[in-house]
Amino acid sequence: MIHLALQEKLQRAVHALLPDADVSSVLVRPCAEPKFGDYQANALIGLAKRNQLNPREFAAQVIEQLDVADCCEPVTIAGPGFLNFRLKTEALSEVLVGAAKGEHLFYRTAAEPRTIVIDYSSPNVAKPMHVGHIRSTILGYTLAKVFRLLGHNVVTDNHIGDWGTQFGKLLVGWKEHLNKDALGQDALAEMERLYKLVNTACDADEAVLTHARNELVKLQDGDAENLAIWREMINLSRHQFDEIYGRLGVKFDETLGESFYNDRLKGVVDELITQGIAEESDGAQVVFFNDHKSLKKHPAIVQKSDGAANYTTTDLATLEHRQNRWQPSEVIYVTDGRQQLHFQQLFELYTRWKPSHGMKLNHVWFGTILGEDGRPFKTRSGEIIRLSGLLDEAEQRAFDAVSEKNPDLPEEQRHTIARVVGLGAIKYADLSGNRQSDYVFSWDTMLALVGNTAPYLLYAYTRIRSLFRKLGDESLTRPATFALGQAEELTLAKHLLRFGLVLELVIDECRPNYLCNYLYELAGLFGSFYENCPVLQAEGDTRTQRLALCDLTGQVLNTGLETLGLETTDRM
RNA sequence: GCCCCGGUAGCUCAACUGGAUAGAGCGUCUGCCUUCUAAGCAGAAUGUUGUGGGUUCAAGUCCCGCCCGGGGUACCA
């Protein structure tokens, strides 16, 4: 909160001295080392150098122009020309008082809300969701929530794979090998079995492959029976997707699958040809990127030699639809990093097709999922870990833990806690790492109950709730001021103020792990506070103020966790 | 071949416009439960940030070379 005011004042001061300089890079950031102060500005050094000024002298001149006495101790210059700001306790207190009154929760919503389309999850019809889908789903939904928390308009769209060549094989399987009992038991497993069965048969027998192709052509031509089966497969799949999404608490505004764009594909290709963007090559319609360094040798096919479109075409039509329907300032795709080339091509191609679209096209990719042996975790290996089973095991492990720690709680309540903790642990494990790092799938990492994990954060929250339970009917009085006399109180309070900064950082880089780190630090600082600063046993203003600090910490934890898609619990 | 990623403590990871002494957790070791939930807190040990140069007042971060690993690379998505 305060840092934004500081930053504005600093930028004005710099502008007064260097009217021509771009002051947008003059930023105020939290100090890495608390001993230097609370906030620092590093940009003056470079700015001074670029203007042939002595950095320290320039810094001194800036300070003369800068009046921040209302919120800071005298500003100091350190090293080659860093500015260090130390907050006055009164200023800190004022922000906390405002938060305690409910005026804000240490962040501001966007002055100019943007519209952002976020594309995530995108499972395939007739295939069970597996561990590979969880990152996209969790990352995407969390990003949507952070953007929304900051006041932006978000459209979430599940671009499910409900069209494509796999349906030829699935139709053969459905017509010739369907086990209806199995379908009733577990539709996705049965459909997957059918696919594998026919896929294997195709490899062995050319006739089966031809049969599958014929079924696909019939589907594409609108054959009533095949269309009905196709719709049935989609319905069964969506039913099971919804079950998973329900457990994960994930929602979508739209579910426009690939088939939604079928009618537009031919037109897209025609336009690309007419505009001279696509050209015929080996029977296919291809787009070359000769002027582009990394795409020079990687043309994109927009129409296969058999006349069918492929996913580049579908994605172009999808993007066109999104632009027309929502006029977003940004479209975010949350997928595996292996699709980087595809999205590079897509963005480049779309911009060539619609040069004035003006949208930020953002591929938010994440690392490959590896097995514990460090080998890529491939879908086709047959060693698929079903998402539903993963969630079951997470809840079971959490149930065992809560039953051990708190055996006296009623079983029903332990199940509820296990759901919150178990599913929270999985989500948090996914969100707390740098998304671009390869992801080593490990039960122990996912379901760990100690360290930088969901249970640690949830536990900090339950301690706060426990205090307020003990408070009983006593109403919470709002402090008129915060003394923050003890070191742990002061540190905790300062950390609360950084919440908004972190949220901004998350949407700037689409990296929820910043929020995880922040909350983990907050929980740690609260832990120290909790051990060293008695709350209920304190008296008078100290008690009031500490209770308010607990309440605010609880609110930030709760809001932060909710934004990460985690529920909280009062006991665990 | 070409393109894109990555290489940080024994392990898993973090490090916010390049910024001050590279931080956590796990594991190891030591203290703290008649006192607000010990799923906790306090403390100890752990590094040539793959490697060699360069730019800079300042490099894990930017540039170039090399080594190692992963991924992608014309009709799957």
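The sequence lines fix the lettering, A, B, ..., with proteins before strands; numbering per chain opens at 1.
- Sorted by first and then second residue, the pairs that involve residues 418-428 of chain A and meet side chain to side chain donor-acceptor pair (under 3.5 Å), not counting sequence neighbours, are A/Arg419-A/Glu567, A/Tyr428-A/Asn452.
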Check the pair A/Arg463 / A/Glu531 against salt bridge (Lys or Arg N to Asp or Glu O under 4.0 Å), numbers first and verdict last.
CA-CA 11 Å; A/Arg463 290 177 131 185; A/Glu531 297 285 333; 3.4 Å; yes
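- For the C1' atoms, the distance linking B/G31 with B/C67 amounts to 46 Å, nearest Å.
- Residue A/Ser432 places none of its side-chain N or O atoms closer than 4.0 Å to OP1 or OP2 of B/C13.
- For A/Tyr456, whose side chain is taken as the heavy atoms from C-beta onward, the closest listed nucleotide among B/A74, B/C2, B/G40 is B/G40.
- Contacts of A/Cys550 with the nucleic acid, taken as non-hydrogen atoms under 4.0 Å apart, are absent.
- For A/His298, whose side chain is taken as the heavy atoms from C-beta onward, the closest listed nucleotide among B/A20, B/C36, B/C3 is B/C3.
- Within the nucleic acid shown, A/Gln40 comes within 4.0 Å of at least one base atom, counting heavy atoms only.
- Ranking B/U35, B/C2, B/A74 by closeness to the A/Val286 side chain, first place goes to B/A74.
- Neither side chain, A/Glu521 nor A/Asn517, offers a donor N or O lying under 3.5 Å from an acceptor on the other.
- Across B/G7 and B/U49, the matching C1' atoms stand 9 Å from one another, rounded to whole Å.
- Proximity of A/Arg338 to the phosphate of B/G70: no side-chain N or O atom is located under 4.0 Å from OP1 or OP2.
- The base-pairing partner of B/G18, taking Watson-Crick or G-U wobble contacts with both distances under 3.5 Å, does not exist among the strands shown.
- Of the candidates A/Val146, A/Thr563, A/Ile507, A/Leu431, A/Leu431 is the only one forming a side chain to side chain contact (heavy atoms under 4.5 Å, CB included) with A/Pro512.
- The aromatic rings of A/Tyr311 and A/His342 lie parallel to each other, their planes meeting at an angle below 30°, with 60° marking the opposite boundary.
- Residue-level contact check: A/Phe36 touches the bases, meaning some heavy atom is under 4.0 Å from a base atom.
- Nucleotides B/A24 and B/G70 are separated by 26 Å at their C1' atoms, to the nearest Å.
- Of the residues in residues 394-410 of chain A, those placing a heavy atom less than 4.0 Å from an atom of RNA chain B are A/Val402, A/Lys405, in numerical order.
- Looking at heavy-atom distances under 4.0 Å, A/Ile45 makes contact with a base.
- Pairing for B/G69 is with B/C5, a Watson-Crick or G-U wobble pair whose two hydrogen-bonding atom distances lie under 3.5 Å.
- Residues A/Thr544 and A/Asp541 bring no donor and acceptor atom of their side chains to less than 3.5 Å of each other.
- The only option from A/Phe366, A/Tyr120, A/Phe347 that meets the ring pair (Phe, Tyr, Trp, His ring centres under 6.0 Å) definition with A/Tyr333 turns out to be A/Phe347.
- Nucleotide B/C33 is shown with a syn base, its glycosidic torsion being within 90° of 0.
- Side-chain to base pairing of A/Asn513 with B/A15: no donor and acceptor N or O lie closer than 3.5 Å to each other.
- Pairing for B/G40 is with B/C32, a Watson-Crick or G-U wobble pair whose two hydrogen-bonding atom distances lie under 3.5 Å.
- B/U51 sits 10 Å from B/U8 when the P atoms are compared, rounded to a whole Å.
- When distances are taken from the side chain of A/Tyr520 to each of B/C3, B/G40, B/G25, the shortest belongs to B/G25.
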Which pairs would a plain distance check flag for residues 41-56 of chain A, meaning a side-chain donor or acceptor within less than 3.5 Å of a matching protein atom at least two apart in sequence or in another chain?
from: A/Asn42; atom 1: OD1; to: A/Gln40; atom 2: NE2; distance (Å): 3.4
from: A/Asn51; atom 1: ND2; to: A/Leu47; atom 2: O; distance (Å): 2.8
from: A/Asn54; atom 1: OD1; to: A/Arg56; atom 2: N; distance (Å): 2.9
from: A/Asn54; atom 1: OD1; to: A/Glu57; atom 2: N; distance (Å): 3.0
from: A/Arg56; atom 1: NH1; to: A/Gly79; atom 2: O; distance (Å): 2.6

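- Annotation: A/Phe260 is not in aromatic contact with A/His159 [ring centroid separation under 6.0 Å not met].
- The listed nucleotides are B/A74, B/A38, B/U73; the one nearest the side chain of A/Phe288 is B/A74.
- In a base pair of the Watson-Crick type (N1 to N3 plus N6-O4 or O6-N4) or a G-U wobble (N1-O2 and O6-N3), with each distance short of 3.5 Å, B/U61 is matched with no nucleotide.
- Residue A/Ala78 places its side chain closer to B/A20 than to any other of B/A77, B/C13, B/A20.
- Using C1' as the reference atom, B/G60 and B/G19 are 13 Å apart when rounded to the nearest Å.
- Between A/Asn124 and the phosphate of B/C76, there is no side-chain N or O to OP1/OP2 separation shorter than 4.0 Å.
- Comparing the same atom, P, in B/U73 and in B/U55 gives a spacing of 40 Å after rounding to whole Å.
- The base-pairing partner of B/C11, taking Watson-Crick or G-U wobble contacts with both distances under 3.5 Å, is B/G25.
- Picking from B/A77, B/U35, B/G19 the nucleotide with the shortest atom distance to the side chain of A/Tyr311 gives B/A77.
- Using a 5.5 Å limit on the distance between ring centres and a 30° limit on the angle between planes, the aromatic ring of A/Phe82 counts as stacked on the six-membered base ring of B/A20.
- Minimum atom distance to the side chain of A/Ser528 is reached by B/A42, of the listed B/A42, B/C57, B/G40.
- Close to B/A15, at under 4.0 Å from its OP1 or OP2, lies a side-chain N or O of A/Arg511.
- Closest to the A/Thr165 side chain, of the nucleotides B/C36, B/C16, B/C76, is B/C76.
- Atom name P, nucleotides B/A77 and B/A20: the rounded distance is 47 Å, in whole Å.
- For the P atoms, the distance linking B/G27 with B/A39 amounts to 15 Å, nearest Å.
- Contact annotation: side chain of A/Thr314 to base of B/A77, donor-acceptor pair absent below 3.5 Å.
- When heavy atoms are screened at a 4.0 angstrom cut-off, A/Gln340 is found touching the sugar-phosphate backbone but no base atom.
- Counting atom types as modelled, A/Glu521 pairs no side-chain N or O with a base atom of B/A24 as donor and acceptor under 3.5 Å.
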